[in-house]
Amino acid sequence: MGKILCVAEKPSIAKAVANHLAPAQAQDVRGLAWLKNYVFDYNFGRTWGASNVVFTSVAGHIKSTEFDQRYRSWNSCNPSQLFDAPIVNYVENDKKVIARNIEEQARSAQVLFIWTDCDREGEHIGTEIRDIALKINPRLEVKRAKFSNIERAHVISAAKNPVPLDEKQANAVAARIELDLRLGAAFTRMQTLALKPMIDRVQELKVISYGSCQFPTLGFVVDRYFRVKNFVPETFWYIKVTHKKEGISVNFNWKRGHLFDRMAVTVLFERCLMAKMAKVIKVQKKPTSKWKPLPLTTVELQKMGSRFLRMDSQRVMKIAEELYTKGWISYPRTETDQFDKGIDLKQIIEKQQQDGVWGPFAQGLMNGGFKQPRNGPHNDQAHPPIHPVNYVVGVQLNDEERRVYEFVVRRFLACCSEDAKGEATDIEISYGDEIFRTHGLIVLARNYLDVYPYDKWESSQQLPQFSVGETFVPTEAKMFDGETTAPGYLTEPELISLMDANGIGTDATMAEHIAKIKERTYVMTRLKGGGRNGGGDGNIEATSTGTRGARGGRGRGRGGRGGRGGGNSGSRQGGNRNGGVQEFIPTTLGVALIEGYDKVGFETSLSKPFLRKEMELQMKAICAGTTTRNDVVHQNLEKYREVFVRTTQQINVLKAVSLGQ
DNA sequence: GCAAGGTC
């Protein structure tokens with residue numbers, strides 16, 4: 001029998017796949033408890049037939065990329081030389097054990113079968129494994145498995161249908177690695193060396209870093225800061241009609257919302273008053289529903305953590321990783337918001353039946369309440385949505401772990417239940433030449449809301465009976481004024497959304513970039529709503545008082561789905577929990593960097609997110625074969641070298657802004 | 001003393 005060496009990207013995949021293929025004997029690799037070789041026999045059928053298998057894994061990338069030794073010291077060269085200084089690829093000390101295991105196993109194998117994640121980084125990790133193995137054993141046949149989840153049938157099918165490694169995807173990643181290193185190091189050294197003497201008053205300041213992700217992240221914060229700072233409130237006017245019927249006071253909102261022209265509103269208002277009678281022109285009752293949430297992705301978990309679990313994104317990820325390592329939840333880094341058809345969701349629900357709090361709800365799902373989860377638009381082809389794997393009783397977890405676990409479970413159960421159902425009533429009246437309307441909601445069946453307290457959808461006050469054609473003299477009609485209010489500073493969920501939408505970082509790294517711009521003192525955070533240290537400095541978010549304040553023209557209790565974050569008008573509890581959200585304010589240094597680069601005036605300001613987007617497109621082009629790694633690297637290096645030269649020439653501009661000019 | 005991407 002021939003020997004097949006299988007290598008996954010991480011131990012959990014090796015374990016799961018090996019167990020699907022055959023009962024395996026697990027051997028620790030050189031005393032590491034977390035790295036194992038699974039040894040078993042398996043028949044690969046037409047491809048390789050009956051074989052001895054060793055199924056092992058790496059732990060992410062094995063090799064590091066660095067400048068040649070001569071260029072590593074900051075004084076060794078002019079930072080501009082980093083654009084073409086030689087680069088070396090090597091195995092870091094802490095990865096040597098992993099590399100050696102691959103070598104040892106590859107020596108006696110006929111086939112190297114790669115099981116890294118089926119994404120670009122996975123493809124690149126695959127080539128790292130291949131290079132190490134081929135160096136020891138050049139006669140190896142190299143294949144990879146194509147799989148998008150670790151369900152048994154899917155894995156078995158992948159095992160029997162190996163495909164070639166995709167060199168193009170690996171090359172796209174190699175281009176990214178080289179560009180991030182060269183540009184990051186060159187700009188970081190240049191900036192730091194040029195600016196540090198200027199701002200020495202900040203003693204602990206060490207490095208003024210540049211990175212293709214951290215700078216756009218900072219850019220978002222600064223951008224919002226200026227929108228807040230430069231905001232000029234505008235006065236608007238509107239008409240509100242109130243009518244009391246059957247002892248219920250109903251507010252009718254103006255269909256036009258509000259106008260910025262006082263005279264116009266006055267004229268329209270007087271026409272209403274002259275008309276005296278209002279007439280009901282529409283009464284519509286219709287069934288409505290609030291959709292259950294989508295299956296949970298990493299980005300969504302981080303946003304919800306900031307909103308409801310009182311943890312920043314980095315903390316949420318740390319906790320989620322621990323829950324994953326202990327086997328309570330699935331892999332926490334995923335972009336997928338659709339469950340694969342093959343996955344046995346009921347078996348997951350079943351395990352939650354024993355819980356004292358949400359157990360009864362899970363039982364309800366088992367007893368006929370189950371509904372297939374919605375499918376979101378994302379699928380990373382590597383991991384399922386985050387879901388509970390095993391039941392753990394709350395007392396076994398610490399407080400933070402319990403909050404995250406509970407959220408993951410509730411979210412999952414909500415996904416598997418029915419949308420909330422209600423009845424919406426829309427009433428419109430004409431009054432003068434104007435139309436006013438009100439909206440009512442009766443929640444008929446809460447369904448998923450019973451297990452998912454993070455969403456709010458509540459019945460509005462009962463509306464009295466109105467019928468079309470009915471006329472009345474409104475109890476009250478008044479003209480009000482209000483002022484547009486400034487946006488708030490950027491919150492963490494908003495920042496994550498922006499990064500996600502602009503392709504800044506990945507699900508696994510977004511929290512790190514946010515932490516980095518804090519660590520570099522480019523930004524400060526504080527509790528939104530003027531928390532502890534929210535002292536004297538400007539309460540920018542104008543508060544609405546009395547008759548002032550924007551009313552966006554929405555009826556009460558509307559509760560649109562997918563409610564955007566921030567100022568959620570209707571929900572009392574949601575509002576309270578929002579008190580835990582951090583807001584981001586750039587420091588003088590942070591503002592200076594972004595402003596400085598904007599002022600130096602390239603069309604390609606380093607703070608702008610589209611540079612990273614361009615890079616993403618170029619990587620896709622490499623994958624598609626329409627360009628090559630070499631072309632992308634060289635084109636970008638030339639482009640950024642120009643930026644680099646112009647920045648060093650105009651470094652005084654950057655210095656001036658940093659000094660607060 | 002620099003980046004971003006994997007993962008333990």
Side-chain angles (χ1 to χ4, degrees), chain A residues 8-15 28-29 32-36 57-67 71-77 79-83 85 87 92 94-95 97-98 116-117 119-129 169-170 172-196 204-217 298 317-318 320-322 324-326 331-333 380 382-383 499 503-517 519-520 606 611-612 615-616 619 636 640:
Chain A
E9 184 163 321
K10 44 188 162 275
S12 63
I13 298 286
K15 181 179 184 180
D28 282 11
V29 174
L32 292 182
W34 56 271
L35 184 59
K36 292 192 170 21
S57 80
V58 292
H61 289 282
I62 314 173
K63 291 193 165 177
S64 303
T65 304
E66 251 306 343
F67 291 109
Y71 295 84
R72 289 195 199 170
S73 145
W74 281 44
N75 300 319
S76 63
C77 66
S80 66
Q81 290 177 264
L82 298 177
F83 278 85
I87 279 178
E92 198 90 61
D94 59 340
K95 300 278 185 172
V97 183
I98 299 172
T116 49
D117 293 356
D119 51 27
R120 277 195 311 239
E121 296 292 334
E123 220 62 27
H124 186 265
I125 293 168
T127 62
E128 292 181 12
I129 297 166
Q169 290 192 52
V173 171
R176 196 245 334 130
I177 291 173
E178 181 172 349
L179 285 169
D180 281 339
L181 173 65
R182 291 192 187 280
L183 302 176
F187 278 95
T188 298
R189 287 191 198 177
M190 181 269 287
Q191 267 175 194
T192 306
L193 297 173
L195 296 181
K196 201 178 161 193
E204 64 276 38
L205 189 74
K206 284 204 165 66
V207 173
I208 305 172
S209 58
Y210 163 78
S212 60
C213 287
Q214 50 181 274
F215 249 53
T217 304
T298 305
M317 284 313 288
K318 175 132 197 322
E321 272 162 37
E322 283 165 10
Y324 158 69
T325 321
K326 291 176 187 163
Y331 191 66
R333 292 187 277 271
D380 62 17
H383 307 283
M499 295 172 74
I504 306 300
T506 68
D507 46 16
T509 59
M510 280 188 295
E512 287 173 32
H513 300 312
I514 295 173
K516 181 138 282 173
I517 63 171
E519 183 194 324
R520 297 281 189 247
L606 294 188
L611 288 180
R612 187 75 203 181
M615 163 96 79
E616 180 64 26
M619 285 171 72
N636 278 283
Y640 282 89

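So that the names make sense, note that chain A is the first sequence line, chain B the second, and so on, each numbered from 1.
Nearest-nucleotide mapping onto DNA chain B: of Gly503(A) and Thr188(A), the residue sitting toward the 5' end is Thr188(A).
Among the heavy atoms of the strands, none lies under 4.0 Å from Tyr71(A). Within the nucleic acid shown, Pro79(A) has no heavy atom closer than 4.0 Å to any nucleic acid atom. Using a 4.0 Å heavy-atom distance criterion, Glu66(A) is classed as a base contact. Counting any heavy atom pair closer than 4.0 Å across all strands shown, Phe215(A) reaches no nucleic acid atom. At the heavy-atom level, Arg120(A) lies nowhere under 4.0 Å from the strands shown. Residue contacts for Ser57(A): at a heavy-atom cut-off of 4.0 Å it reaches no nucleic acid atom on any strand shown. Among the atoms of the strands shown, only primed sugar atoms or phosphate atoms (P, OP1, OP2) are found under 4.0 Å from some heavy atom of His513(A). In this structure, Glu321(A) reaches neither bases nor backbone, as no heavy-atom distance under 4.0 Å exists between it and the strands shown. Backbone-only contact: Gly505(A) has heavy atoms under 4.0 Å from sugar-phosphate atoms and none from a base. At a threshold of 4.0 angstrom between heavy atoms, the contacts of Ile98(A) include nucleobase atoms, whether or not backbone atoms are also involved.
Look at Arg520(A) and you won't find any side-chain N or O under 4.0 angstrom from OP1 or OP2 of dG1(B). In terms of phosphate contacts, Thr116(A) brings no side-chain nitrogen or oxygen within less than 4.0 Å of OP1 or OP2 of dG6(B). The shortest distance between the side-chain N/O atoms of Lys10(A) and the OP1/OP2 oxygens of dT7(B) is below 4.0 Å.
With respect to Glu322(A) and Lys326(A), no salt bridge is recorded, no charged nitrogen being found less than 4.0 Å from a carboxylate O.
In this view, Ser12(A) and Lys10(A), Tyr324(A) satisfy the side chain to side chain contact (heavy atoms under 4.5 Å, CB included) rule, not counting sequence neighbours. Scanning for side chain to side chain contact (heavy atoms under 4.5 Å, CB included) contacts around Ala14(A) gives Ala8(A), Tyr38(A), Phe55(A), Ser57(A), with sequence neighbours left out.
You cannot call Tyr210(A) stacked on the base of dA3(B); the centres under 5.5 Å and planes under 30° rule is not satisfied.
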